[in-house]
Structures are given as C-alpha cells and as structure tokens.
Amino acid sequence: MARLKSFSGLVLGLSVICCITGCGARANPQADATPTKSSANVLPNSVSQETAVEKAQPRDDEVRKPATTAEAAAAIDLSTFPLLPGAEEITTRTVALLDYEARHKTFDVKNEYEFQRRNLLERQWKELSDSQISAGYAEGEFVYSGFHLYVTVQLHDEPGKVLVRLRNDSNVNVSKLPAPPGAKLVNVEYNIASYETSAGVEETRKAVRKLLIDQGWQDRGSRGNRLILKQNAVELTAVVEARSAQPDKTRIAYWTVQMSTDSPTPADAGGDARERGSF
C-alpha cells in the first residue's frame with residue numbers, strides 16, 4: 001500500500017518493517033497521548049516569502065547529548081501540533097510522533113504538505129533541503145535547535161483521503177556517532193549515517209557495540225541484524241551487514257528516533273528501517 005522511497009547511495013538491503021504512512025491505521029505501542037478524534041485546526045496565515053525560502057545551514061559538526069522527553073517537547077510537542085482541517089482517524093499523537101488520516105478535496109498532496117510546512121516555519125523550524133513533492137507523495141526534513149523532524153504526506157488508498165506523518169528523529173548528530181577505525185563515512189541522508197569498512201561483519205558489529213556503550217548508550221538487545229540502544233529518550237539503531245554486491249565490504253548504518261517517554265525500554269517503533277523506505 002504505502003509508497004516506499006529509495007535513497008541513492010544507501011543500498012543496505014534492510015527489510016522494511018513498517019510502511020511509511022501506515023498500511024492503514026495502526027495502534028502505536030506507546031499510548032501516552034493518542035485520542036481517536038480531534039477537532040480540525042484552521043490553516044495558518046501564510047508566512048512571508050523571505051521566511052519561506054530560508055533554508056537551514058548544512059549539517060553541523062556539533063556532538064549533542066541525546067535529548068530527554070522534556071527537551072524534545074520544548075523544541076516541538078507533536079501531541080499539540082495543529083491538525084489538518086478534515087482530520088479524522090488519529091493513529092498516534094504523542095510528543096515525538098503524529099500519524100493520522102484526513103479528508104481532502106484536491107487531487108494531490110501539495111496543499112496538505114504546505115500546511116505542515118507553514119506551521120513549522122512559523123515555529124522557527126527550517127527546511128534542511130528542498131522538500132520533495134509530487135502529486136501523490138511529499139516529504140521533507142526540518143531542523144530546529146539540533147532536532148530533525150521528518151514529514152510525509154501521501155494519498156490514501158481510499159479516494160479523498162491523505163495520510164500524514166510527522167516524526168522527531170531526535171537531536172543526535174548521527175554523523176558524529178563513533179565508528180570503528182578504518183570505517184569511512186559514505187553518506188548522511190534523512191538523518192541516517194552510512195559507513196563502509198573492509199573489516200568483517202562480526203568484528204565490526206562487536207566494535208560498534210563497544211564504541212556506542214562506551215559513549216553512554218545502553219544496549220537494549222537486537223532485532224535481526226540491528227543493534228538497539230538507548231540514551232535518555234532517544235533510541236539508536238545500528239545496522240552492520242555485508243554488502244551483497246561487494247562481499248569484501250561491510251556497511252554500517254546509524255539512525256535515531258526520539259521517544260515520547262523516558263521509558264527504560266524502546267517505546268516508539270518509528271526507528272525501524274526507516275518507515276520511509278528501503279536502503
């Protein structure tokens with residue numbers, strides 16, 4: 001159902017656990033603020049053209065301590081973020097994740113995506129790069145005070161409806177997470193850092209785990225070939241696997257997701273690979 005967006009240069013061969021905007025509405029494992037209905041909010045006044053075209057600076061080199069729930073909510077609280085007029089079934093509405101369906105009258109998603117964009121610009125968020133918008137799908141990444149917010153809007157299978165998702169990918173600078181000696185940073189896209197090394201998979205996995213634990217990340221176990229770690233209210237996924245096209249190369253990928261509570265166990269399942277597409 002869901003449309004999966006592929007990322008060039010990130011061919012990790014990970015299986016997609018969750019579709020980008022829900023193959024229909026699903027209950028989120030964390031139910032700290034998930035109403036089933038909400039009154040629609042009016043479209044905000046248009047921001048100035050000067051603000052609208054302002055883009056964020058390139059990714060910085062700052063190393064930040066993973067945010068707590070309170071720190072994330074101070075940057076943006078998605079449980080109170082305005083909903084589209086015509087908002088209907090809300091799958092998830094927490095501090096760090098907003099996922100819902102809405103009615104619309106147009107034949108594309110441009111207006112519905114612009115609603116999210118305007119609200120974020122009014123709150124001093126900036127686009128990290130140009131948003132990608134087509135008739136049936138739109139996505140973009142926004143930053144504020146070190147936090148990365150991923151936004152998607154796409155047409156529902158049911159005519160006249162759209163699926164909307166806003167997810168806080170945390171304040172962690174994934175390009176500054178520790179990597180084993182000899183590992184080369186290949187790419188950083190949508191807050192996913194990809195590395196490559198000539199070392200073996202098991203050797204690399206052990207080295208990655210030790211480096212992250214030494215940096216203060218808590219080991220929360222694994223999901224298949226993924227190491228799951230946590231620090232404050234941020235969940236970190238580390239993937240280490242062989243490249244099928246180049247068996248002598250090992251790929252490493254890091255990504256994070258902000259959780260909506262400081263639970264001792266991973267709560268928001270939004271960190272799965274990556275809900276926004278396959279590598």
Side-chain angles (χ1 to χ4, degrees), residues 7 9-14 56-69 71-72 75 96 128 141 143 145-150 167-243 246-259 262-274 276 279:
F7 295 97
L10 290 178
V11 185
L12 291 177
L14 305 180
Q57 296 298 313
R59 294 180 185 273
D60 59 76
D61 292 329
E62 186 175 346
V63 177
R64 300 181 185 84
K65 187 176 180 63
T68 63
T69 300
E71 291 167 340
L128 187 59
E141 186 179 13
V143 294
S145 192
F147 286 89
H148 294 252
L149 191 73
Y150 181 65
R167 184 182 62 227
N168 190 339
D169 283 340
S170 88
N171 65 332
V172 173
N173 188 340
V174 291
S175 68
K176 295 302 175 181
L177 289 169
K184 177 184 177 182
L185 181 63
V186 176
N187 194 16
V188 180
E189 190 172 5
Y190 286 89
N191 214 40
I192 306 169
S194 177
Y195 292 81
E196 185 177 85
T197 179
S198 297
V201 172
E202 290 306 316
E203 174 189 349
T204 302
R205 184 177 288 116
K206 290 178 182 178
V208 164
R209 181 179 179 276
K210 184 179 187 306
L211 286 168
L212 293 172
I213 289 175
D214 288 347
Q215 198 182 67
W217 292 90
Q218 303 167 7
D219 189 350
R220 307 307 303 171
S222 61
R223 300 172 189 161
N225 63 352
R226 305 173 192 179
L227 302 174
I228 310 301
L229 304 101
K230 174 186 175 294
Q231 190 171 168
N232 289 331
V234 175
E235 181 181 286
L236 165 64
T237 299
V239 174
V240 180
E241 66 177 18
R243 293 192 59 180
Q246 293 178 282
D248 59 331
K249 297 291 184 181
T250 297
R251 299 298 295 268
I252 306 167
Y254 293 139
W255 64 80
T256 57
V257 65
Q258 189 73 44
M259 298 188 293
D262 295 317
S263 168
T265 57
D268 287 337
D272 293 321
R274 267 284 325 199
R276 52 178 74 139
F279 296 92

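On a predicted model such as this, the values are computed, not experimentally measured, just so you know. We count residues from 1, following the sequence as given. Just so it is clear, the values below take in all heavy atoms, side chains as well, and ignore hydrogens, waters and symmetry mates.
Taking CZ from Phe147 and CG from Asn168, the interatomic distance works out to 6.0 Å, rounded to the nearest 0.5 Å. Atom-to-atom distance recorded for Leu227:CG and Thr237:OG1 is 9.0 Å, nearest 0.5 angstrom. The CD atom of Glu141 lies 7.0 Å from the CG atom of Asp169; values are rounded to the nearest 0.5 Å. To the nearest 0.5 angstrom, Arg205 atom CZ is 9.0 Å from Thr250 atom OG1. In this structure, CZ in Arg64 is found 7.5 Å from OG in Ser145, a value given to the nearest 0.5 Å. Atom OG of Ser194 and atom OH of Tyr254 lie 11.0 Å apart (nearest 0.5 Å).
The side-chain heavy atoms of Val143 and Leu149, taken from C-beta on, include no pair separated by under 4.5 Å. In this structure the side chain of Val174 reaches within 4.5 angstrom of the side chain of Thr256, judged on heavy atoms. Proximity of Thr68 to Val234: side-chain heavy atoms (C-beta onward) are nowhere separated by under 4.5 Å.
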Point to revise | Evaluation steps, side chain to side chain contact (heavy atoms under 4.5 Å, CB included), between Ile213 and Asp219 | key: CA-CA 7 Å; Ile213 289 175; Asp219 189 350; 4.1 Å; yes
**Study point:** CA sep, side-chain torsions, deciding dist, call: Trp255, Val239, side chain to side chain contact (heavy atoms under 4.5 Å, CB included)
**Key:** CA-CA 9 Å; Trp255 64 80; Val239 174; 3.7 Å; yes
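Side-chain atoms of Lys230 come within 3.5 Å of backbone N or O of Asn232 as a donor-acceptor pair.
When all heavy atoms of Tyr195 and Val186 are compared, the closest pair comes out as C-CG2, 4.0 Å. A pairwise comparison of heavy atoms in Leu212 and Ala238 identifies CD1-CB, 4.1 Å as the closest pair. The two atoms that bring Ile252 and Pro180 nearest to each other are CD1-CD, 3.8 Å, heavy atoms only. Pairing each heavy atom of Ala242 with each of Val201, the nearest pair is N-CG2, 3.5 Å. A pairwise comparison of heavy atoms in Gly146 and His148 identifies O-CD2, 3.4 Å as the closest pair. In terms of heavy atoms, Gln258 sits closest to Asn171 at OE1-N, 4.2 Å.
In the model, Thr69 has a side-chain atom that pairs as donor or acceptor with a side-chain atom of Asp262 under 3.5 Å.
By the 4.0 Å N-to-carboxylate-O rule, Arg209 lies too far from Glu202 to be salt-bridged with it.
The salt bridge (charged side-chain N to carboxylate O under 4.0 Å, His left out) with Glu235 is formed by just one residue from the set Arg167, Arg223, Arg226; it is Arg223.
With a 6.0 Å radius and a threshold of 12 heavy atoms from other residues, nucleotides or ligands, Lys249 has its NZ atom above the threshold.
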